[in-house]
Amino acid sequence: MEKFSNWRDKGTGISPFLPTVVQTSRIRKFVVNPAVAAVKWPLFALLYLLVSVAPKPATRLIFSWLFSIADIDLLVEGVRKSNTKEIDAQRPSLGEIVVSNLVSPLDIFTIFLLSKVRSLSSIVVLIPWKNDLYKFTVWESLSVFFLPLESSISQGTKLESNYQNVINGRLAVVFAEGTPSNNKAILPLQQQCAELWLGLSIPVKVAVLRYYPSTISLPVPHVTRSQYVSKLFTLPGKTYIKVKIVPLKLSSLKACQAAFVENGLNQVELGVQEKIEFFKYFQNYSVDQKKKW
């Protein structure tokens, strides 16, 4: 859209913050989708409660039954797809760091499902903001999708210096871009994330997440949580998730960034500050459009 051309990356022409719109007919929008959501919401409420008791089985059922996610396809760099034993050995586990791109509220649950971790409470989410790193629980981390950046980061706890204690006995998932995009590119990784593994012998892996279709992405907080869940209930077709795990021999932000680019995500220069400016404009534009109607 020409209105948002100021936030199009000059090198690639990609607009990483623009939400992807689902095109639907009026009948589907006003008749079919409300009926489908009405049926699925009670099932979602029941399975949501079961997540605290049986987190992986309940999350899998939510993904497959309610969100119509047909498959999570897991690949590992340098390993044949038929070598399931080696792929299983490379699944993220406790005491490791996973650096992932940030696309949708499903990201952390996708990583949980393909990991060896049994409980959501064994995962710590780390997100950079300005010159600091903040830690979140899985549930707290969802705020980055539904609140403006300045407000969402306040849901976490600022880390001081001893990162070893944060990672010990947990799976640390690092969303090093600091803000979500629409799955069309990788934003610049924030330098302070490299401090996590400095001087520590901790395995670091990159998880490259790709969603098909990309309408699952939520680059700006323009819907509520319930609206987003209803959208997932009523997507017009099946959704597929591809995850590529890249174990790093030498851990560095440059190696992480290269892993994303080499596995299909274009590098853009737009980052957190541009995202903040984009969202301000996006909000004003949305208000102006509503006034016209």
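Values below: all heavy atoms of this structure, side chains included; hydrogens, waters and symmetry mates excluded.
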- Treat each ILVMFWY residue as a node, draw an edge where side-chain heavy atoms are under 4.5 Å apart, and state whether Val166 and Ile153 are in one component. no
- Task: Indicate yes or no: at least one non-hydrogen side-chain atom of Val243 is less than 4.5 angstrom from one of Val208.
- Result: no
- Message: Tell me whether Glu177 contacts the main-chain N or O of Pro188 through its side chain, where contact means a donor paired with an acceptor under 3.5 Å.
- Response: no
- At what distance, to the nearest 0.5 angstrom, does CD1 of Ile72 lie from CD1 of Ile241? 4.5 Å
- Task: Determine the minimum heavy-atom distance between Trp197 and Cys256, stating which atoms define it.
- Result: CH2-SG, 4.2 Å
- Message: Main chain of Ile87, side chain of Gln90: is a donor-acceptor contact present, judged purely on distance under 3.5 Å?
- Response: no
- Using a 4.5 Å cut-off on heavy atoms from C-beta on, say whether the side chain of Phe44 contacts that of Lys40. no
- Leu198/Leu196 under side chain to side chain contact (heavy atoms under 4.5 Å, CB included): CA gap, chis, key distance, verdict: CA-CA 6 Å; Leu198 285 179; Leu196 284 168; over 6 Å; no
- Counting N and O atoms only, with roles assigned by atom type, does the side chain of Ser230 sit under 3.5 Å from a partner on the main chain of Gln227, one being a donor and the other an acceptor? no
- Give a yes or no answer on whether the side chain of Asn83 reaches the backbone of Val79 with a donor-acceptor pair at less than 3.5 Å. no
- Just how far is it from atom CG of Asp73 to atom OH of Tyr240, taken to the nearest 0.5 Å? 11.0 Å
- Item | Sub-4.5 Å side-chain heavy-atom contact between Leu218 and Val223 | yes
- Message: Can you give me the closest heavy-atom contact between Asn182 and Ser214, atom names plus distance?
- Response: O-CB, 4.0 Å
- Message: Please determine whether side chain to side chain contact (heavy atoms under 4.5 Å, CB included) holds for the pair Leu126 and Tyr134, giving the CA-CA distance in whole Å, both sets of side-chain angles, and the decisive distance to 0.1 Å.
- Response: CA-CA 6 Å; Leu126 303 172; Tyr134 287 76; over 6 Å; no
- Heavy-atom closest pair (Pro55 atom, Arg118 atom, distance to 0.1 Å) is CG-O, 3.3 Å
- Do the side chain of Arg8 and the main chain of Gly13 share a donor and acceptor less than 3.5 angstrom apart? yes
- Message: For the CG atom of Leu46 and the CG atom of Leu66, what is their distance to the nearest 0.5 Å?
- Response: 10.0 Å
- If only atom types and distance count, is the side chain of Lys29 paired as donor or acceptor with the main-chain N or O of Gln23 below 3.5 Å? no
- Item | Any residue meeting salt bridge (Lys or Arg N to Asp or Glu O under 4.0 Å) with Lys249, in chain and number order, not counting sequence neighbours | none
- Close side-chain approach of Ser121 to Thr137, heavy-atom, < 4.5 Å: no
- Message: Please tell me whether Val51 and Ile108 are part of a single hydrophobic cluster in this structure, the criterion being side-chain heavy atoms less than 4.5 Å apart.
- Response: yes
- Message: Looking at Asn284 and Lys280, would you say the former's side chain and the latter's main chain have a donor-acceptor pair under 3.5 Å?
- Response: yes
- How about Lys135 and Thr157: does a side-chain donor come under 3.5 Å of a side-chain acceptor? no
- Message: A side-chain contact here means heavy atoms from C-beta on lying under 4.5 Å apart; do Pro105 and Leu142 qualify?
- Response: yes
- Task: List the steps and the verdict of side chain to side chain contact (heavy atoms under 4.5 Å, CB included) for Asn266 and Lys184.
- Result: CA-CA 7 Å; Asn266 289 290; Lys184 295 181 180 179; over 6 Å; no
- Can you list the residues that meet the salt bridge (Lys or Arg N to Asp or Glu O under 4.0 Å) rule with Glu96, with sequence neighbours excluded? Lys205
- Aromatic ring pairing Phe279/Phe282, orientation class (parallel under 30°, perpendicular over 60°, tilted between): parallel
- Geometric class of the Tyr228/Phe146 ring pair [parallel <30°, tilted 30-60°, perpendicular >60°]: perpendicular
- Item | Carboxylate-amine/guanidinium proximity below 4.0 Å for Asp88 and Lys116 | no
- Looking only at heavy atoms, the pair that brings Arg210 and Gly264 closest together is NH1-O, 3.0 Å
- Task: Please check if atom CG in Leu49 has more than 12 non-hydrogen atoms from other residues, nucleotides or ligands closer than 6.0 Å.
- Result: yes
- Message: Can you tell me how far apart OG (Ser64) and NZ (Lys238) are? Round to the nearest 0.5 Å.
- Response: 8.5 Å
- Message: side chain to side chain contact (heavy atoms under 4.5 Å, CB included), that's the test. Do Leu102 and Ser181 meet it? Break it down for me.
- Response: CA-CA 6 Å; Leu102 187 58; Ser181 71; over 6 Å; no
- Using atom types as modelled and distance alone, determine if a side-chain donor or acceptor of Ser143 lies under 3.5 Å from a backbone N or O of Ser152. yes
- Does Phe67 reach the side chain of Val229, with side-chain heavy atoms less than 4.5 Å apart? yes
- Tell me, yes or no, whether the heavy-atom count around Lys242 atom NZ, taken from other residues, nucleotides or ligands under 6.0 Å, exceeds 12. no
- Sequence neighbours excluded, the answer for salt bridge (Lys or Arg N to Asp or Glu O under 4.0 Å) partners of Asp71 is none
- Are Ile62 and Leu232 grouped together when hydrophobic residues (ILVMFWY) are joined by side-chain heavy atoms under 4.5 angstrom apart? yes
- Query: Can you tell me how far NZ of Lys158 sits from CG of Asp132, rounded to the nearest 0.5 angstrom?
  - Reply: 4.5 Å
- Item | Minimum heavy-atom distance Ser100-Phe260, with the two atoms named | C-CZ, 3.8 Å
- Between Pro16 and Val268, which heavy-atom pair has the shortest distance, and what is it? CG-CG2, 4.3 Å
- Do Leu94 and Tyr163 sit in the same hydrophobic cluster, where Ile, Leu, Val, Met, Phe, Trp and Tyr count as joined when their side-chain heavy atoms come under 4.5 Å apart? no
- Message: Looking at Leu209, is its backbone amide N or carbonyl O close enough to the side chain of Asn101 to form a donor-acceptor pair, meaning the two atoms are under 3.5 Å apart?
- Response: yes
- Ile97 vs Pro203 side-chain heavy atoms within contact, under 4.5 Å: no
- Task: Report whether Val125 and Val117 are members of the same hydrophobic cluster (ILVMFWY, side-chain heavy atoms less than 4.5 Å apart, transitive linking).
- Result: yes
- Item | Side-chain heavy atoms of Val206 within contact of Val98, under 4.5 Å | no
- Are the aromatic ring centres of Phe175 and Trp129 under 6.0 angstrom apart? no
- Item | Gap between atom CD of Glu262 and atom CD of Gln267 - 0.5 Å precision | 12.0 Å
- Query: More than 12 foreign heavy atoms under 6.0 Å from CG of Leu250: is that the case here?
  - Reply: no
- Do the side chain of Ser15 and the main chain of Phe17 share a donor and acceptor less than 3.5 angstrom apart? no
- Message: Please verify the inter-ring angle class for Trp139 with Phe109; under 30° counts as parallel, over 60° as perpendicular, anything in between as tilted.
- Response: tilted
- Item | Positive for side-chain hydrogen bond (donor to acceptor under 3.5 Å, both in side chains) with Tyr211, one of Asn183, Thr239, Asp107 | Asp107
